[in-house]
Amino acid sequence: MDKVRISKTLSFWLRHKPEAAGLSLSSDGWADIDAVLAALASEVPGCGWEELVMVVETSDKQRFELSGDAARIRARQGHSVDVDLDWPQTKPPERLYHGTVARFLDAILAEGLKPMARHHVHLSGDLETANKVAARRGQPVILVVEAAELSAAGRPFLLTSNGVWLVDHVPPEHLSVLD
Ligand code: HQG
């Protein structure tokens, strides 16, 4: 079973294009599990309930979650479609990290970190995650975000259930490049 293919297909449908699979998302991002299973069966032959649960449970970044009654599924973050996931506003630690690459640096240092195609800027509490995120694009450049300072200045931080910190913008004065 091609777990990566299932995961990528789910990401595409649940974050970006539910209509591609005839799905509709609730305002907080949930899709009906039977509708998802029906769509998956035609997209990835042999993929049924067990395969879907395995992908949800073993996803390296815990990208998806099932509702308590397992009747619905959603992506935990990363959406471009308009959903409001209601993650709790949480006081961040002193510093958070963002992994990027050198070619974006001039723009980021001029205008700050922006959500780009997503709803939020994604930050992590540890360097290892920031490095992995950056390595998708090239040689990592790690930015240090003065999160406590930014939060004290009134900018809300949300924390997802899989440990991703979300914020709508990080102005350049709260950023520095890690040596
Ligand atoms: C950069 C994946 C120019 C930003 C990952 C990043 C993560 C700017 C890119 C999660 C900018 C956006 C999120 C500015 C930010 N000018 N470039 N002002 N502000 N950027 O993918 O943080 O596999 O939307 O540095 O692993 O890379 O999808 O964000 O390079 O966890 O679950 O613009 O997505 O997870 O890229 O990644 P993204 P990200 P999944």
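These numbers come from the heavy atoms of this one structure, side chains and all, not from hydrogens, waters or symmetry mates. Counting starts at 1 for both ligands and their atoms, following the listed order. Worth saying up front: this structure is predicted, and the values here are computed from it rather than measured.
Here the heavy atom of the protein found nearest to atom 28 (O) of ligand 1 is R15 NH1, 2.7 Å. Closest to atom 6 (C) of ligand 1 among all protein heavy atoms lies R137 NH1, 3.8 Å. Atom 10 (C) of ligand 1 has as its closest protein heavy atom H122 ND1, 3.6 Å. What sits closest to atom 19 (N) of ligand 1 on the protein, heavy atoms only, is K114 N, 3.0 Å. At the shortest separation from atom 34 (O) of ligand 1 among protein heavy atoms lies R118 NH2, 3.0 Å. Counting only heavy atoms of the protein, atom 33 (O) of ligand 1 lies nearest to M116 CG, 3.4 Å. Of all protein heavy atoms, the one closest to atom 31 (O) of ligand 1 is K61 NZ, 3.5 Å. For atom 11 (C) of ligand 1, the closest non-hydrogen atom of the protein is I108 CG1, 3.4 Å.
Side-chain atoms of H98 do not come within 3.5 Å of backbone N or O of A134 as any donor-acceptor pair. At least one donor-acceptor pair closer than 3.5 Å links the side chain of H79 to the backbone N or O of L14. Side-chain atoms of R76 never come within 3.5 Å of backbone atoms of G163 as a donor-acceptor pair (strictly under, hydrogens ignored). Proximity of a side-chain donor or acceptor of D28 to a complementary backbone N or O of D86 within less than 3.5 Å is not detected.
Proximity to A107 (heavy-atom distance under 4.0 Å) selects the following atoms of ligand 1: 3 (C), 16 (N). Distances below 4.0 Å separate heavy atoms of T100 from the following atoms of ligand 1: 4 (C), 25 (O), 30 (O). Taking a cut-off of under 4.0 Å to the non-hydrogen atoms of E111, the atoms of ligand 1 that pass are 14 (C), 16 (N), 18 (N). Of all the atoms in ligand 1, the ones that sit under 4.0 Å from a non-hydrogen atom of L113 are 15 (C), 19 (N).
Crowding of R118 atom CZ: a count of heavy atoms from other residues, nucleotides or ligands under 6.0 Å exceeding 12. A 6.0 Å sphere centred on CG of D60 holds more than 12 heavy atoms belonging to other residues, nucleotides or ligands.
By the 3.5 Å distance cut-off applied to N or O atoms, Q77 is not counted among the residues near ligand 1. Checking only distances, G112 does come within under 3.5 Å of ligand 1, N or O to N or O.
Side-chain atoms of F157 and L96, non-hydrogen and from C-beta on, do get closer than 4.5 Å to each other. Counting heavy atoms from C-beta outward, S27 and D84 have side chains that stay 4.5 Å or more apart.
Between the side chains of S67 and D69, at least one donor N or O lies within less than 3.5 Å of an accepting N or O.
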